[in-house]
Amino acid sequence: MTISVGNVAEFTLPDGGNGVGKWRILKNIAVISVAFLLQFTAFQGTGSLQSSINEEGGLGTISLSAVFGAIIISCAFIPTLAIKKLTAKWTLCCSMLCYVPYIGAQFYPRLYTLIPAGCLLGLGAAPLWAAQSTYLSHVAQIYARITQQSAEAMIVRFFGIFYLCWQSAELWGNLISGLVLSPPRIEANASIDYTLCGANFCAATSKDIANLERPPDREIFTIMGIYLACIALAVIITSLLLDPLTMYGETRGEKVSVGQLLIATFRQLKRLNQLLLVPLTIFIGMEQANFAADLTQAFISCTLGINEIGFTLVFFGVCNSISSILFGFLTKRYGRIRILVLGLASISACYFTMLFWAPTPHKKWMFFVICFLYAVGDSILQIQVNGIYGAIFSGNQEPAFSNYRLWESLGYVVTYALNAALCARTKLIGALCLLAVGVLGWTIVEFRVKNGQVSRDAKRAAT
């Protein structure tokens, strides 16, 4: 069976496009999803603990800021260069290995170990995600052509399957830390002022909170050893079981200069729809950073103790995984607009709850309410906005997804960089304001798509 996808020339599927070919595509989706599950079991588990186990001097959040600062630099040219030179499959494998030094640095967390390791991770993360997005979008369109279904719906469905596994990494990573970490040792006569927690939490007053004491090194080293094994297994699975995208029309690109790559990435910003999606994309990074820095430290650790982070976030991981697959499939029936509105409402409700709720250990169920709202909002936002990028910029995916990671990473960097300087309340209010701007931009994009402005923008951007 000979087909063409996007800006790729016609090619013939190795099995003629029969049923075996469809199952082979689904196998590749499963392989890449499981590999990312293992990879981010390690990274997300480590990231969730950073603001608590490396709290002194804000070292943990500074290292995460270095990670996403490097991603911004990497997004400018490395993804396109890596994918064109290595192809999508081997870009995934090489990028996964860039995460190893950061996990290893947790055995000796210092400014001069965590920051360089975080920068290397960030340089590898941008091509990792660009290759993943390119791979999924490409094979989704091929599968849609073979099965005569909507390409947009298939892209969203494949991203939904992927995010089902990826989001469950939050579950497994935190389950590992929850099982290993022991409760903090608090003197019998000690008292905790819970009014310092929640939206009132400020890094300047965190030293007065007994629940934030660093766990024993033995426990942290055990967790990090398990995480390193997960990354090793992810690389092995990807290298041995994932079919190269060259089977589906991918070709190694011609020689390109760094200048050309920068132009390709930033030329994407000539498209008005891309500019309008920037605020919402930044917010996606900001809300994930708020989750890792503020919800874990200001709410869970401060009120319940560091050892409770893992078990509480296991519930978040379960909800996130179920939401990813559920709303990925519901998009076909109800459309992306209704589903995305539901996600925006959920994340907004979560933020307002965090702003006005005073957390105490006696109302532990409220932490699960917040995690549920956060999980639904986060999973919908990531799937739907990725789907929007894949559908609107289908002929220019690599620069488009590089822009997605660039602006998402900016949201991370700003949040982590300001973590020690601003109190939780200020960051929550700032995120809500950005969300309002992002919703306005997305609404305009939907009107433009409906009125057929996308193709005209693409022609102007190419000139």
Side-chain angles (χ1 to χ4, degrees), residues 5 8 11-46 78-79 81-104 120-121 123-143 146 158-169 171-173 176 224-253 321 324-325 397-398 401:
V5 177
V8 176
F11 66 96
T12 303
L13 288 174
D15 53 15
N18 56 24
V20 176
K22 291 185 287 187
W23 282 109
R24 191 161 188 167
I25 289 176
L26 294 177
K27 182 269 293 183
N28 288 322
I29 299 300
V31 169
I32 200 171
S33 298
V34 171
F36 270 70
L37 165 63
L38 292 166
Q39 181 81 8
F40 284 88
T41 289
F43 177 65
Q44 291 185 352
T46 304
I78 293 181
L81 177 64
I83 293 171
K84 285 185 178 296
K85 296 301 179 183
L86 300 175
T87 70
K89 173 180 176 175
W90 295 110
T91 296
L92 288 170
C93 293
C94 293
S95 298
M96 286 175 175
L97 291 173
C98 292
Y99 284 65
V100 172
Y102 185 75
I103 308 297
L120 177 61
L121 189 157
L123 292 176
L128 176 74
W129 282 103
Q132 170 266 335
S133 297
T134 299
Y135 197 105
L136 288 186
S137 297
H138 194 92
V139 297
Q141 292 179 71
I142 293 171
Y143 193 89
I146 294 172
F158 277 16
F159 271 107
I161 295 171
F162 169 81
Y163 278 108
L164 167 67
C165 286
W166 182 76
Q167 298 286 18
S168 69
L171 186 163
W172 301 112
I176 291 169
M224 298 307 156
I226 296 172
Y227 289 164
L228 286 173
C230 289
I231 293 180
L233 187 55
V235 175
I236 293 171
I237 288 175
T238 304
S239 61
L240 296 181
L241 300 180
L242 186 69
D243 291 333
L245 201 55
T246 51
M247 290 181 57
Y248 304 101
E250 182 191 37
T251 58
R252 291 178 184 267
S321 299
S324 294
I325 192 67
Q397 289 177 355
E398 289 167 15
F401 283 118

Return the set of residues passing side chain to side chain contact (heavy atoms under 4.5 Å, CB included) with [X] (not counting sequence neighbours), or none when no residue passes.
X      : result
Leu26  : Trp23, Tyr143, Phe158
Leu242 : Asn28, Val31, Ile32, Lys89, Leu92, Tyr135, Thr238
Ala169 : Leu37, Phe40, Thr41, Gln44
Ser95  : Thr91, Pro127, Leu128

From the options Phe43, Phe36, Trp129, select the one residue that forms a ring pair (Phe, Tyr, Trp, His ring centres under 6.0 Å) with Trp166.
-> Trp129

Is there a donor-acceptor pair under 3.5 Å between the side chain of Ser137 and the backbone N or O of Thr134?
-> no

Of all heavy-atom pairs between Gln39 and Met96, which one has the smallest distance, and what is that distance?
-> NE2-O, 3.1 Å

Distance-minimising heavy-atom pair for Pro101 and Leu120 |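 Taking Pro101 first and Leu120 second, the nearest heavy atoms are CG-CD2, 3.6 Å.
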
How long is the span from the [atom1] atom in [X] to the [atom2] atom in [Y], to the nearest 0.5 Å?
X     : Y      : atom1 : atom2 : result
Ile25 : His138 : CD1   : NE2   : 9.0 Å
Leu86 : Leu81  : CG    : CG    : 8.0 Å
Ser33 : Ile237 : OG    : CD1   : 11.5 Å

Where at least one partner belongs to residues 27-39, residue pairs that pass salt bridge (charged side-chain N to carboxylate O under 4.0 Å, His left out), sequence neighbours excluded = Lys27-Asp243

Assess whether side chain to side chain contact (heavy atoms under 4.5 Å, CB included) is satisfied between Ile103 and Leu121, documenting all intermediate values.
-> CA-CA 10 Å; Ile103 308 297; Leu121 189 157; 5.8 Å; no

Can you check side chain to side chain contact (heavy atoms under 4.5 Å, CB included) on Phe159 and Gln132, steps first, answer last?
-> CA-CA 10 Å; Phe159 271 107; Gln132 170 266 335; 3.6 Å; yes

Side-chain atoms of residues 227-234: list all donor-acceptor pairs with protein atoms under 3.5 Å, sequence neighbours left out, distances to 0.1 Å.
residue: Tyr227; atom: OH; partner: Gly173; partner atom: O; Å: 2.7

